[in-house]
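First listed ligand is number 1; within each ligand, the first listed atom is number 1.
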Amino acid sequence: MDPAIEVRDLKKTYRTPFARRKVEALSGVSFSVERGTIFGFVGPNGAGKTTTIRTLMGLIKPTAGSAKILGHAVPSRKARAQVGFLPESPYFYDYLTIGELLDLAGRLFGMSHADRKKRSDELIERVGLARARAQSLKKFSKGMLQRAGLAQALMNNPEVVVLDEPMSGLDPIGRKEVRDLILELREKGTTVFFSSHILTDIEAIADRVAIIARGVLTAEGTPAELIRRTALGVDVMVRIAEDAAIDDLVAGADRVRRVGDQLSLTLPVDADVDAWLAKSRERGAKVISVAQRHETLEDLFLRQIANAGGSAEGRV
Ligand SMILES: Nc1ncnc2c1ncn2[C@@H]1O[C@H](COP(=O)(O)OP(=O)(O)O)[C@@H](O)[C@H]1O
Ligand SMILES: [Mg+2]
């Protein structure tokens, strides 16, 4: 089966008409999203997330490369009918009610009156806006508007959902609600592709994560794989006679501490931990603990961005 989303060597250069300046927003981005999975697309502001998503939705044309949704090259009406989309900072006619907004979205997908009514009632409940049914969107808070946007993106019961920063501007409870909704969608077999500039929004729920910085993917994998790349060494602690010679045990190690009969240190990432433990036992040592030392995924993320050259602004 075709992947839900496939992006191959996507490039996009924006040309600003007056300043005669070129901005290379994407410099060859490739990834694919398997069906029924949650894919998190994370990167700082200006990294190229929205440009990638707008290309996927057929709203802008890439300078080079290709994108497919459910096997159809974009833009494709057939693919669009099976995709739900939440744009970044969505704008709605603010004199509408949530019911009217969803009815309008249903009409655009050619749904019957009965289907529109049933589906919008369901979704209004699901995103927790039942009590705001009579209000116009003008009175909605940022969080309520975001939920209205999510409901709108789900109106056509899509197979693939593309959400551009669905958690932006939400408080911690709002962020959790969006995370739960995304997990619920996957349970039903829906594919969810969503972007965020905050890694923790993504690592908790995504099956795969891609990190983008300055228009280039700097890392891609499962959250566990990315975490493995954050290994800093192995912390070991042993009990050893106070007068035992330990020079060869501490050679090459970091953070060496010997307090009484307790010796603790950090072995390098590539150390042979088994061999080290065997050697220490020959010296009469008893193992107390062995644990991997990690940097956080957030540190890895920041390092990837720094390696890619920092901020994406003002680039030619
Ligand atoms: N319409 C546009 N015209 C010119 N430059 C743009 C346009 N849209 C985005 N850019 C630039 O392209 C880069 C990527 O932007 P964007 O895709 O919006 O990033 P993100 O969504 O990750 O914040 C930024 O440097 C941004 O300023
Ligand atoms: Mg964006």
Ligand 1 contacted by Ser195 (non-hydrogen, < 4.0 Å): no

Min heavy-atom dist Gly43 to ligand 1 below 4.0 Å: no

Centroid separation Phe85 to Phe193 less than 6.0 Å: no

Check: Phe194 ring centre within less than 6.0 Å of Phe39 ring centre: no

Can you list the atoms of ligand 1 that are under 4.0 Å from a heavy atom of [X]?
X: Ala25; value: 12 (O), 13 (C), 14 (C)
X: Pro44; value: 22 (O)
X: Asn45; value: 23 (O)

Under 3.5 Å, N or O to N or O, is [X] touching ligand 1 that way?
X: Gly46; answer: yes
X: Thr50; answer: yes
X: Thr51; answer: yes
X: Thr16; answer: no

Interatomic distance, Lys138 atom NZ to Leu145 atom CG [nearest 0.5 angstrom]: 12.5 Å

The Mg ion (ligand 2) to nearest N/O/S of Thr50 below 2.8 Å: yes

Selection from Glu88, Lys49, His197 by shortest heavy-atom distance to atom 22 (O) of ligand 1: Lys49

Lys/Arg N to Asp/Glu carboxylate O, Arg175 vs Asp171, below 4.0 Å: no

Under-4.0 Å salt bridge between Glu122 and Arg126: no

Distance-only side-chain donor-acceptor flag, Tyr14 / Thr51, under 3.5 Å: yes

For Asp121 against Lys117, the heavy-atom pair lying closest together: OD2-NZ, 2.7 Å

Option passing side chain to side chain contact (heavy atoms under 4.5 Å, CB included) with Arg147 (candidates Leu123, Leu181, Val127, Val178): Val127

